[in-house]
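Report on one structure; see the data block that follows.
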2 protein chains.
Amino acid sequence: MSASIRDVARRAGVSLGTVSNVLNRPDQVSVGSRERVLAAIAELGFVRNESARQLRAGTSRTLGLVVLDIANPFFTDVARGVSEVADDAGLAVILCNSDDRPAKESAYLDLLAEQRVQGVLITPTADLAPHLDSLRRRGVPVVLVDRRATGPGQCSVAVDDVLGGRLAADHLIERGHRRIAFVGGSSGLPQIEERHAGVVAAVRDQWGDEDSLTVFAPDVLTVATGREAAAQIVGMPAAVRPTAVICANDLLALGVLQEMTRHGVRVPEECAIVGYDDIEFAAAAAVPLTSVRKPRQEMGRRAAELLLAEAGDDHVHEQIVYEPVLVVRESSMARRSTAQGERTA
Amino acid sequence: MSASIRDVARRAGVSLGTVSNVLNRPDQVSVGSRERVLAAIAELGFVRNESARQLRAGTSRTLGLVVLDIANPFFTDVARGVSEVADDAGLAVILCNSDDRPAKESAYLDLLAEQRVQGVLITPTADLAPHLDSLRRRGVPVVLVDRRATGPGQCSVAVDDVLGGRLAADHLIERGHRRIAFVGGSSGLPQIEERHAGVVAAVRDQWGDEDSLTVFAPDVLTVATGREAAAQIVGMPAAVRPTAVICANDLLALGVLQEMTRHGVRVPEECAIVGYDDIEFAAAAAVPLTSVRKPRQEMGRRAAELLLAEAGDDHVHEQIVYEPVLVVRESSMARRSTAQGERTA
DNA sequence: TGCAGTGGTTGACACGTTTCATATCCGTGC
DNA sequence: GCACGGATATGAAACGTGTCAACCACTGCA
């Protein structure tokens, strides 16, 4: 098959160890041998066998990243951040898409364990499988992404989603909205639950109760399910129909926006929309979307750095929580004046 | 470190070969030994060492996918198709983002070669590096994705982009548009050149010359550069300003749409827009985007299948070309009647 | 009793690399 | 002339697995 280090050595007329030295400590080798070895490498088209290196080294130069939905640009942005750091460290990233399905997730974790990855970055499905513990017990560093660690002994990079939910709700209430819908999800992801909790808290603080908060919980968080939720909202009697919608992510929000427009409901005049994540498409929507911004790429970078740091034995586990920022755009701009009118009425 | 097959053997009181047999040919092993081995595996938390398997086998159970832009949903859809097939074949996918930069591309190809991947799926940067040939010479199967093979001896899965460009242009011309802009790219990707060529061909057929076709060539194909192009278009004097824009991909189209809307140019009444790829966000845009559909996921699947087939030695190289389909949506719906008025005027 | 056959099991070997203790060479200072 | 040290070069050992020829115990048959 392909040439090995031994073939190179023979061709260059040196020993096997010398070739290895040329590859790994070129300065410890005389110019003459080095040149002959390099020439032989070129002639034979020699390529290092990474498996053999790994076997010898006991660990690979790879790192696993498991995401919930590869089609969600939030995760591709995170991935971009991760691979920046990984590239600099000379590591390859194996990107796995669990599709929010525990079965796929655990299959991928097995695979990553067999690959002896240096570590795993994961946004886990709801029930943070015991699988993760078993990985850690085996000494594989794990860093949670967009999900707060439940206990100590683990690193995580997350966002204060309760605050995020609160920001969104406060903004809309301050704008004069009195009936709000929250479009979340039913898969039980804590991130989503917390966003919901934040909205509920804000609503309670301002209104005393949450009677005017309608909650929708589609099974997955996609553009398509966002459209479905919007269709339901549009179908509600005008007297109780929410005048604003908070979505648990931007995909849902885009779906809601599209369906509203399709039904002739003007955004933001008749219905305001707030998304979550602030993916690039949020700003690019024809009615630019107000959204709760998370430092997507930065989260990926930071998570990868934590993972690498975990190799050092003086490592202290860190749980980083970013503060989200509400980015106000057109989709929630109207209503203040009319709302005040309503309030005094 | 972690337990090896040898530890398991000792623990189960069997030989090393028996453990291997339990793992690879369970039926050739007596029930008793099998159970004891499985028990030992569970107790020790044994996980196969993939590097060692690879070293022994000479090849990995991995496959490389190199894309131009991980942030473009077109490629994540392709990736989804690829991993479907890969999963079924028990292969892992290493997803690499070249960012349309030859340097990154070739670094990743080196990496994949060192990993001894079973094959590489790639949408290459413009100058289909000699790197690819060197891979093939080394016996690594390569399948081109969204890019037609230049010669025989290689597999590819592509789309007839000349036809795609033609469809878009014909549609707009038939709708009555007489001044069209093409927003492409300057990186020299053949896919883009062909789309351009298709548009030019259609325009020439219908108008005799291409004086009324304005071409923009931003350096990258993103939402941001789409906005910039639109800003230029909007700034043109009304008498020469195109009434329709064909974009080389949907990201550009979304950018154009947003900027048009921002400037109060109504889409499609004052300016029609046609995108390319038909990513999900195209339909979800507030003015749903007319776009040239490619079978994104199917392309990924098919490419992966071709790659796997290339292992068999009776394999004949195949160059698959899909026919794109124009999906007409709101962004290009208006104008027929007014256009006819204009024409007669 | 001997022999062929069978279902299980064994352990040495090979895969390609890195590492490390050891060997070689050459110049320098005493 | 000799000991010493620095710069290079060497090759055996080890990493964990899969394979395969050899082996074993046992059965059925002649």
Side-chain angles (χ1 to χ4, degrees), chain A residues 1-38 40-41 44-62 90 110-111 113-118 138-139, chain B residues 1-38 40-41 44-62 90 110-111 113-118 138-139:
Chain A
M1 186 80 114
S2 56
S4 84
I5 222 179
R6 187 167 277 109
D7 302 322
V8 174
R10 191 159 28 228
R11 177 116 185 184
V14 298
S15 87
L16 193 153
T18 299
V19 177
S20 178
N21 283 334
V22 169
L23 262 36
N24 301 304
R25 312 177 204 66
D27 42 319
Q28 286 186 26
V29 139
S30 73
V31 196
S33 324
R34 184 163 52 215
E35 276 174 359
R36 261 175 307 144
V37 168
L38 290 178
I41 286 180
L44 294 172
F46 164 79
V47 178
R48 265 163 136 114
N49 184 322
E50 184 64 23
S51 319
R53 301 186 74 189
Q54 288 182 18
L55 174 57
R56 174 66 224 228
T59 175
S60 76
R61 312 216 26 88
T62 329
D110 285 348
L111 187 145
E114 291 184 358
Q115 297 275 352
R116 295 292 190 274
V117 291
Q118 293 223 333
R138 245 182 258 128
Chain B
M1 185 80 111
S2 55
S4 85
I5 222 180
R6 187 169 277 108
D7 302 320
V8 173
R10 190 158 30 228
R11 176 117 184 182
V14 299
S15 88
L16 193 152
T18 300
V19 178
S20 179
N21 283 335
V22 169
L23 262 36
N24 302 305
R25 312 179 204 68
D27 42 317
Q28 286 186 25
V29 136
S30 73
V31 198
S33 323
R34 184 163 53 214
E35 276 173 0
R36 261 175 307 143
V37 169
L38 290 177
I41 286 179
L44 294 171
F46 165 79
V47 178
R48 266 161 132 111
N49 184 323
E50 184 64 23
S51 320
R53 303 187 72 189
Q54 287 182 19
L55 174 57
R56 174 65 225 233
T59 175
S60 76
R61 313 219 23 91
T62 331
D110 285 347
L111 187 145
E114 291 184 359
Q115 297 276 353
R116 296 291 191 275
V117 291
Q118 294 224 332
R138 245 181 259 129

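Below, chains carry the letters A, B, ... as their sequence lines are ordered, and counting in each starts from 1.
- A sub-4.0 Å separation between OP1 or OP2 of C:dG16 and a side-chain N or O of A:Arg6 is absent.
- Considering only heavy atoms from C-beta on, B:Arg53 comes within 4.5 Å of B:Glu50 through its side chain.
- In terms of phosphate contacts, A:Arg34 brings no side-chain nitrogen or oxygen within less than 4.0 Å of OP1 or OP2 of D:dT8.
- When each of D:dG18, C:dG8, C:dT17 is scored by its nearest atom to the side-chain atoms of B:Leu23, the top-ranked nucleotide is D:dG18.
- Nearest nucleotide to the A:Leu55 side chain, out of D:dT19, D:dG16, D:dA9: D:dG16.
- Checking C:dT17, D:dG11, D:dT17 against the side-chain heavy atoms of A:Ser15 singles out D:dG11 as nearest.
- The side-chain contact (heavy atoms from CB on, under 4.5 Å) test with A:Leu38 is passed by exactly one of A:Val19, A:Val22, A:Val8: A:Val22.
- Within the nucleic acid shown, A:Ser4 comes within 4.0 Å of sugar-phosphate atoms alone, with no base atom in reach, counting heavy atoms only.
- For the atom pair CZ of A:Arg61 and CD of A:Gln54, the computed distance is 9.5 Å after rounding to the nearest 0.5 Å.
- When the P atom of D:dT17 is taken as reference, atom CG of B:Asn49 falls 6 Å away, rounded to whole Å.
- In this structure, A:Asn21 reaches the bases: a heavy-atom distance under 4.0 Å links it to at least one base atom across the strands shown.
- Rounded to whole angstrom, the span from the CD atom of A:Glu50 across to the C1' atom of C:dG16 amounts to 12 Å.
- Interatomic distance, A:Gln115 CD to A:Ser51 OG, rounded to the nearest 0.5 Å: 9.0 Å.
- Nucleotide D:dC15 holds its C1' atom 12 Å from the CD atom of A:Gln54, rounded to whole Å.
- Here the P atom of nucleotide C:dT6 and the CD atom of B:Gln28 are 14 Å apart, to the nearest Å.
- At a threshold of 4.0 angstrom between heavy atoms, the contacts of A:Arg25 are confined to the sugar-phosphate backbone, with no base atom among them.
- Place B:Val29 and A:Ala57 on DNA chain C by their nearest nucleotides, and B:Val29 ends up nearer the 5' end.
- For the atom pair B:Asn49 CG and A:Ser60 OG, the distance stands at 9.5 Å (nearest 0.5 Å).
- In this structure, the nucleotide among D:dG16, C:dT17, C:dT18 sitting nearest to the side chain of A:Asn24 is C:dT18.
- Atom CD1 in A:Ile5 sits roughly 12 Å away from atom C1' in C:dT19 (whole-Å rounding).
- Contact check, A:Ser20 against C:dT18: a side-chain N or O comes under 4.0 Å of OP1 or OP2.
- In the set C:dT9, D:dG18, D:dA9, the nucleotide with an atom closest to the side chain of B:Leu16 is D:dG18.
- Nearer to the 5' terminus of DNA chain C, by closest-nucleotide assignment, is the contact made by B:Gly17 (compared with the other of A:Arg48 and B:Gly17).
- Residue A:Arg56 places a side-chain atom within donor-acceptor reach of the base of C:dT18, judged by atom type and a 3.5 Å distance cut-off alone.
- An OP1 or OP2 oxygen of D:dT10 is reached within less than 4.0 angstrom by a side-chain nitrogen or oxygen of A:Thr18.
- Separating the CD atom of A:Glu114 from the P atom of D:dG16 is a distance of 15 Å, rounded to the nearest angstrom.
- One atom, CZ of B:Arg10, and another, P of C:dT10, lie 14 Å apart when rounded to the nearest Å.
- Residue B:Ser33 is classed as a sugar-phosphate contact, given heavy-atom separations below 4.0 Å to backbone atoms only.
- The two residues A:Leu23 and A:Phe46 come nearest to each other via the heavy atoms CD2-CE2, 3.9 Å.
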